[in-house]
Amino acid sequence: MLQPEPNTANSSKQSHSSHRATTLGSLERHFLLSALDLHRPLCRAGSRDLSWPALIAGASEANVLPTLADRVLASAGTEVDADTLETLRDALRETAVYNTRLLAELARCSSILSAAGIEHVTLKGAVLLVQHYPRTSMRHTVDLDVLVDPARFEESITLLRAAGYTDDAYYATTLVGDGRSLAAATPPTRWHAYPPLTSPSGVAVDVHYRVPASFFDNAGGFHGLLERSQPVMVHGVSVHMCSCIDLARHLCEHFAVQHHAHPHDAARLLCDLRAMFPDDPPWRELQIGSFSQRASVSLVKRLYEAVFSDSQAPVSRLLRRMTVADSLLSPLLAELSHLRGHAARFSYNLRNRPAYALRTVIPTRAYMAQQYNLDPRSPWIYPRYVTRLFATPLRPLWRRR
């Protein structure tokens, strides 16, 4: 069992009203990390001294509040006041309702694709809910990810549109440099997936023809994932679920490469790995393929070992604080992640579509006029250009919520 680190942060015995909701002391950090280890009893030591507002805020920011809530409510020895218990129950109820709707949407989407003979594999959250977590209410899930046969990718989008799926509101209304919406300006095969669709039930659906980074090609592409997938019944529909090993490789690269090691994603990733592998993950089996893939798995392995060990080495303690999005470290790490992501996107655009890359910094006059409600011939458009020249490169530095 992990041991609490020396308490160098604010005392966890402060009152709920005076404790900063985003500051986790050593007891809160230790308790939250204990909740991530689904194969060990929840730590009860010092539970009466926990700052529950800080703990709940930290768990919410790290996307593991349902996991914390389930673990606490299942642990009879944890001392929790009535208001906190109700907050935790609300979090579980809300997650259970959404995840039930998401799995029903998975069955519907899979039925539409299967009826047309389009082979597909389910990825990420839905797989974890159905196959790996003890209860579907335990994991925070955002959307549904479905990988379809690349040869029939555009056909699958047409079928789903005909069934009532529509462009996500953000992509339908957000304009790019030439004045078109993101959905209209993004060809279906520009990236790795079509811009998110919104199902009739309100669930966001990402339809992929590949997954990002090097894992996909190293794993044999779509047909390799399909061959190793497992058919599982969901609401009476047979759905192919991504295999455990393939999913773990994908999750490691998704965290390290696609999300640029954003600190708010670390805790949920480690909890996912604990849910998937009762013993330690088979790191050697995961560390194959390209340098990028091996480096991604190595980073996750280092975090995993630091969190689920008793080591009090300074590096391990630092990594544990990073994993729970510590308020002293998280802002800096988040901004570094945003900057890496911004640089990666801009460099990709500059190599593959330089005109678009430049328009993101210096957009067309028509776009500026529409964006700022100006006459295209007005001289006031030029100060807006100057502002944008500085604002676009510096935007990642602004803290996103």
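All values below were derived from every heavy atom in this structure, side-chain atoms included, with hydrogens, water molecules and symmetry-related copies excluded.
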What one should report as the nearest heavy-atom pair of Val127 and Cys242 is CG1-O, 3.7 Å

Between His120 and Ser110, is any side-chain donor less than 3.5 angstrom from a side-chain acceptor? yes

Nearest 0.5 angstrom please: His250 NE2 to Asp145 CG, how far? 6.5 Å

Do Phe255 and Leu303 touch side chain to side chain, with heavy atoms closer than 4.5 Å? yes

Look up atom CG in Leu299 and atom SG in Cys252, then write down how far apart they are to the nearest 0.5 Å. 8.5 Å

Are Arg101 and Glu105 ion-paired here, with the side-chain N under 4.0 Å from a carboxylate O? no

Would Val307 and Leu319 satisfy side chain to side chain contact (heavy atoms under 4.5 Å, CB included), going step by step from the backbone distance to the final call? CA-CA 7 Å; Val307 167; Leu319 291 175; over 6 Å; no

Using side chain to side chain donor-acceptor pair (under 3.5 Å) as the criterion, point out the one residue from His259, His260, His254, Gln258 that pairs with Asp265. His259

Side chain proximity check, Thr122 to Val232, heavy atoms < 4.5 angstrom: no

Does any part of the side chain of His140, heavy atoms only, come nearer than 4.5 Å to the side chain of Pro66, both counted from C-beta? yes

Would you please name every residue forming a side chain to side chain contact (heavy atoms under 4.5 Å, CB included) with Ser111, sequence neighbours left out? Val237

Would you say that Thr95 contacts Thr141 through its side chain, given a criterion of any heavy-atom pair below 4.5 Å between the two side chains? no

Restricting to non-hydrogen atoms, name the atom on Arg40 and the atom on Arg71 that form the minimum distance, rounded to 0.1 Å. O-NH2, 2.7 Å

To the nearest 0.5 Å, what is the distance between OH on Tyr133 and CE on Met276? 9.5 Å

At what distance, to the nearest 0.5 angstrom, does CG of Asp279 lie from CZ of Arg274? 8.0 Å

Do Glu253 and Ser214 get their side chains close enough for a donor-acceptor pair, meaning under 3.5 Å? yes

Give, for atom OG1 of Thr158 and atom CZ of Arg161, the distance between the pair rounded to the nearest 0.5 Å. 8.0 Å

What are the two closest heavy atoms between Ala107 and Val234, and how far apart are they? CB-O, 3.5 Å

Student check: side-chain heavy atoms of Leu38 and Thr67 closer than 4.5 Å: yes

Under a 4.5 Å cut-off applied to non-hydrogen side-chain atoms, are His235 and Leu103 in contact? yes

Do you see a donor-acceptor pair shorter than 3.5 Å between the side chains of Ser199 and Ser201? yes

Side chain to side chain contact (heavy atoms under 4.5 Å, CB included) between Glu94 and Asn99, worked out: CA-CA 9 Å; Glu94 182 179 335; Asn99 286 349; over 6 Å; no

Cys109 vs Leu160 side-chain heavy atoms within contact, under 4.5 Å: yes

Name all residues meeting the salt bridge (Lys or Arg N to Asp or Glu O under 4.0 Å) criterion together with Arg228; count only those two or more places apart in sequence or in a different chain, and write none if there are none. Asp246

Should the pair Phe31 and Trp52 be assigned to parallel (<30°), tilted (30 to 60°) or perpendicular (>60°) ring geometry? perpendicular

Taking the side chain as every heavy atom from C-beta outward, state whether Arg302 and Ser316 have any atom pair closer than 4.5 Å. yes

Gly289 to Gln293 - nearest heavy-atom pair and separation: CA-OE1, 4.3 Å

Taking Asp272 first and then Arg139, would you say they form a salt bridge - that is, a charged N and a carboxylate O separated by under 4.0 Å? yes

Taking all atoms of both residues into account, what is the closest heavy-atom pair of Leu286 and Arg249, and its distance? CD2-CG, 3.7 Å

Contact list for residues 270-303, test ring-ring contact (aromatic ring centres under 6.0 Å, His included), sequence neighbours left out: Trp283-Tyr304

Using side chain to side chain contact (heavy atoms under 4.5 Å, CB included), reason through Lys124 and Leu251 one step at a time and then give a plain yes or no. CA-CA 7 Å; Lys124 292 169 60 180; Leu251 290 176; 4.1 Å; yes

Hey, are Arg152 and Asp149 close enough for a salt bridge, meaning a charged N less than 4.0 Å from a carboxylate O? no

Heavy-atom nearest pair, Ala116 first then Leu159, reads CB-CD1, 3.3 Å

Nearest 0.5 Å please: distance from the CD atom of Glu155 over to the CD1 atom of Ile118. 4.0 Å

